[in-house]
Amino acid sequence: MDSEDEEDSYPEDEKWTDALEPGPDDVPAQVNDGSSVPGQAGTSGSHQGGQAKGHVSRMELNTNKAGMDGLDKEKINKIIMEASLGSRYYENEQKKDQQVNERIKKILAAKSKLMNNEVAAAQVKVDKMVKELERTRDLSRTIVHIDMDMFYAAVEMLEKPELREKPMAVGGTHMLSTSNYVARRFGVRAGMPGFIALKLCPNLVMVRPNFDKYRKYSKQVREILEEYDLNFCPMSLDEAYLDFTDHVVKRSTMSEKERTYMESVMNQPEGSVEKNEKKEEEGSEKSGDVTALLSTETAHSGESHDVDLQGGKLLGSISEAGEMGGQEDGVSGGKTHLFGISAEEAVREMRFRIQQKTNLTASAGIAPNCMLAKIASDMNKPNGQYVIKSTREEVMKFISNLPVRKVSGIGKVMEKILSAVGVKSCTELYENRAMLYKLFAPISFNHFLKISLGLGSTYVGRDGERKSVSTERTFGGKSRPEDLFRICEELCESLAQDVEKNGLKGRTLTLKLKTVTFEVRNRSQSFQNGICSFKDMHTAARDLLQTEIRACRPHPLALRLMGVRLSSLLSEEEIQQQQKQGSLISFFKKTQLKSTKSPPKTDNETNKTTVEDESCQKMESEMNKDNHFEQKSESLSSSNSPPKDSCKEENTNPLSREQIDEGSVEEDPSEGFTCESEAEVPRPSDNVDETEAESLSENQRYLCPVCNVEKPYNSLEEFNQHVDICLNKGEISTILHKQAKAGGQTSNVSQARSSAPMKRPSTSSSRSNKRMKTGRKRQYSTLDKFFAKNS
DNA sequence: CGGATCGAC
DNA sequence: CTATGTCGATCCG
Ligand SMILES: Nc1ncnc2c1ncn2[C@H]1C[C@H](O)[C@@H](COP(=O)(O)OP(=O)(O)OP(=O)(O)O)O1
Ligand SMILES: [Mg+2]
Ligand SMILES: [Mg+2]
Ligand SMILES: [Mg+2]
């Protein structure tokens, strides 16, 4: 019974490309090599840390995804490079790559300084940790990770079956969110811009996303998942963790009838369209597997959990529906399928039901913990499943040659870093544990150690509360302050809606900026009391933006993206609490306001009659979310052993939230709007005209980006003042924030701000208890790094 | 706390 | 020409 864990092997060497693609250049770039075992990291030894220059590893294709084995990376990367060279994006990636390289250099330096006795001492400590971890190893749970195949693409193909055989991707020329497996053969994958994908695969069909549909199908799938684990944990629209332990127990008492499901009659009216020839061999292979698994065999086998170990695909998979012709004929009507009582059979059943219900396929991994289940679900990815048996031996066997990159939470950079210190596989992770202990921060090391032992969370729990809300937008380069401020305002409006809809409040507002050179900056401000209104958030965001614009001068701040995020969200209790205090204060404040009088404010602020602050605490109890379920009240004393194993996923990336899926991968806007504003950087003009008196050496000419007038100023500050005036004629952002005491003990130093010159906090009435301001004063230097290039 | 980075989908 | 959006975690100063 033991022997092999795997099943559902996946066509290792597909060559379904022949008659499909016209041009010879369109032939998927793949190399021979039929290896597709769990994976094998190059045997240690050789460090390839030092990389040849002109080799921006971060630009290379990630083949770390199902359906992308055996590609001709060289050929693909060459195309990618040619398409990218010289772009601002590329330049920035190059910069980041260098930073990573320096980081590696430091680590290597630290490594070389390690003394033998240090390492030996570390070894002792680490081995104690290992012992402790080993002591708490729990192999008693049966964890399942299920993940829909090429989810968005699959949904799109439902309505356009003719796309099944063609390379297609979801997204637009700017960005793709996923691709089908045909396209993956060309190197086309999620996160790749469409225009590059087109170079890799000229016949690629790009389909715009439709998130409502994805949500709809996701919901349907979840209805099934729920039947196997009420507490299943969705990680995104298309995947989830489930604890099958209880279900398997219950399953042994279920009658055959309860484990029998009917195969829907319909299914793919199209089946195979024109070029139906395809590969007969491949088809028959699959058909064979299918028959072996489904119906008859299993049906008679009763519940023998051994028989069901037969490898093979569940169903011919809708993508191969054509080949099923023979069978369909025979049985035509509703074929029934009996599933066994083992976990694998249960999972197979679950996948079968999903496919019957939605015509979408899913893949799954079964293992004793989340980390392993996640990896396993990718093993036989397109429409398959994989089991890692619950014995220490099997786990270690699986882990042994597994490239660390396969582990969720270890990405491109960490892979590179580890590789530089001689660690590529999980065994090497274990073998080098003492060194890693010395080189990495405790949390990271802990994570590594657990991975190296094949350990992971055995708890599948509901998401905790959301920790931040944000919205951001990419637009063509814009640099005119009025444009930037308008975008900022729109973003805040959008954010305010989200915040209100979810009844949230947060203490930190962050403005995110991405320059036209792809450099990202975050600027945040914290408050003692949570904020949630458009006005409060906008005020803060606008201030931060203004500061950045100032810091850039005399250059314009040329951006390609802006975003706003509210974090440090308050718990419900805190919101309630604050609401009480707030209402008192706002009452007090209101009366005071009348006398103070507030400037008309040109802006179109949604004149809330209520005091700006509280205006968003509604949160109807309804909520579309299924967010009920208890929250683990006790928990304090740690049921687990190590520090905190918390959520499902391993240490890192307890990704949650299901709306992550909905990136903005070019929706409707037929093309990037971008607009005008060529984001050209004027430069402060160097001709020292020095016409006027003012022989100050400082006398320089600046071009005001607002009024577009260039003239000499005595100082940069004077110029800044001019722009300020020019910018917001009556700005007076003094904004009387409301008084909010709150039990904060740290006195809130109100930093001077707004219109007035700056320096000298004296003026500016913006006292308000907001703005925590840790006594730090950041000095934005006018670093005039990059200029606009080309023309 | 603030900011940068990484990772995932 | 053209390189996403949303969220969580970690690390460092
Ligand atoms: N980088 C991304 N940007 C935006 N959306 C993404 C990105 N990656 C994935 N998505 C969306 C689209 C995917 O269909 C969906 C699920 O992701 P994921 O499961 O990783 O891939 P996939 O389901 O498309 O293919 P498969 O699981 O078969 O490898 O999330
Ligand atoms: Mg998927
Ligand atoms: Mg997924
Ligand atoms: Mg990984």
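Quick note: numbers below take in every heavy atom, side chains included, and nothing from hydrogens, waters or symmetry partners. Order of the sequence lines sets the chain letters (A, B, ...), proteins ahead of strands, with each chain counted from 1.
Within a 6.0 Å sphere centred on NZ of A/Lys105, heavy atoms belonging to other residues, nucleotides or ligands number 12 at most.
Atom CG in A/Leu513 sits about 14 Å away from atom P in C/dG5, given to the nearest Å. Rounding to whole angstrom units, OH of residue A/Tyr214 and P of C/dT6 are separated by 16 Å. Look at CG on A/Leu569: it is 15 Å from P on C/dT6, rounded to the nearest Å. A/Phe448 places its CZ atom 9 Å from the P atom of C/dC11, with the value rounded to the nearest Å. Nucleotide B/dC6 holds its P atom 9 Å from the CE atom of A/Met414, rounded to whole Å. A straight line from CZ of A/Arg466 to P of C/dA9 spans 14 Å, rounded to a whole angstrom. Rounded to an integer number of Å, the gap from NZ of A/Lys514 to C1' of B/dA4 is 14 Å. When the C1' atom of C/dT4 is taken as reference, atom CE of A/Met175 falls 5 Å away, rounded to whole Å.
Mapping A/Pro193 and A/Arg565 onto DNA chain C via the closest heavy atom, the residue that lands nearer the 5' end is A/Pro193. Sequence order on DNA chain B of the closest nucleotides to A/Asp147 and A/Arg58 puts A/Arg58 first from the 5' end. Nearer to the 5' terminus of DNA chain B, by closest-nucleotide assignment, is the contact made by A/Gln99 (compared with the other of A/Arg405 and A/Gln99). Toward the 5' end of DNA chain C, the nearer of the two residues A/Pro442 and A/Ile80, judged by each one's closest nucleotide, is A/Ile80.
Judged by distance alone, the side chain of A/Thr547 and the main-chain N or O of A/Asp543 form a donor-acceptor pair under 3.5 Å.
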Show your working on side chain to side chain donor-acceptor pair (under 3.5 Å) between A/Thr508 and A/Ser568 and close with a plain yes or no. CA-CA 6 Å; A/Thr508 303; A/Ser568 303; 3.1 Å; yes
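Screening residues 436-446 of chain A for salt bridge (charged side-chain N to carboxylate O under 4.0 Å, His left out) gives A/Glu118-A/Lys438 as the qualifying pairs, with residues at least two apart or on separate chains.
Put simply, A/Ser468 has a side-chain N or O that comes within less than 4.0 Å of OP1 or OP2 on C/dG8. At the phosphate of B/dG2, neither OP1 nor OP2 sits under 4.0 Å from any side-chain N or O atom of A/Arg521. Regarding contacts with the backbone of B/dG2, a side-chain N or O of A/Ser526 is found under 4.0 angstrom from either OP1 or OP2. Remark: A/Lys374 is in phosphate contact with B/dC9, judged by side-chain N or O atoms under 4.0 Å from OP1 or OP2. Listed pair A/Lys467 / C/dA9 meets the phosphate criterion, a side-chain N or O lying under 4.0 Å from OP1 or OP2. Within the structure, every side-chain polar atom (N or O) of A/Ser177 is placed at least 4.0 Å from both OP1 and OP2 of C/dT4. Between A/Ser470 and C/dC7 there is a side-chain N or O to OP1 or OP2 distance below 4.0 Å. Put simply, A/Ser236 has no side-chain N or O that comes within less than 4.0 Å of OP1 or OP2 on B/dA8. Between C/dC11 and A/Ser444, a contact under 4.0 Å exists linking OP1 or OP2 to a side-chain N or O.
Within 4.0 Å (heavy atoms only), A/Met59 reaches at least one base atom of the nucleic acid. When heavy atoms are screened at a 4.0 angstrom cut-off, A/Gly194 is found touching no nucleic acid atom at all. Nucleic acid contact for A/Leu561: sugar-phosphate only, since backbone atoms but no base atoms lie under 4.0 Å from a heavy atom of the residue. As judged by a 4.0 angstrom heavy-atom cut-off over every strand, A/Phe518 is placed among residues touching the sugar-phosphate backbone only. Nucleic acid contact class of A/Ser568 (heavy atoms, under 4.0 Å, all strands): none. Here A/Lys412 lies in heavy-atom contact (under 4.0 Å) with sugar-phosphate atoms only.
The aromatic rings of A/Tyr214 and A/Tyr152 sit parallel to each other, their planes meeting at less than 30°, with 60° as the upper class boundary.
The ring-ring contact (aromatic ring centres under 6.0 Å, His included) search around A/Phe445 returns A/Tyr437, not counting sequence neighbours.
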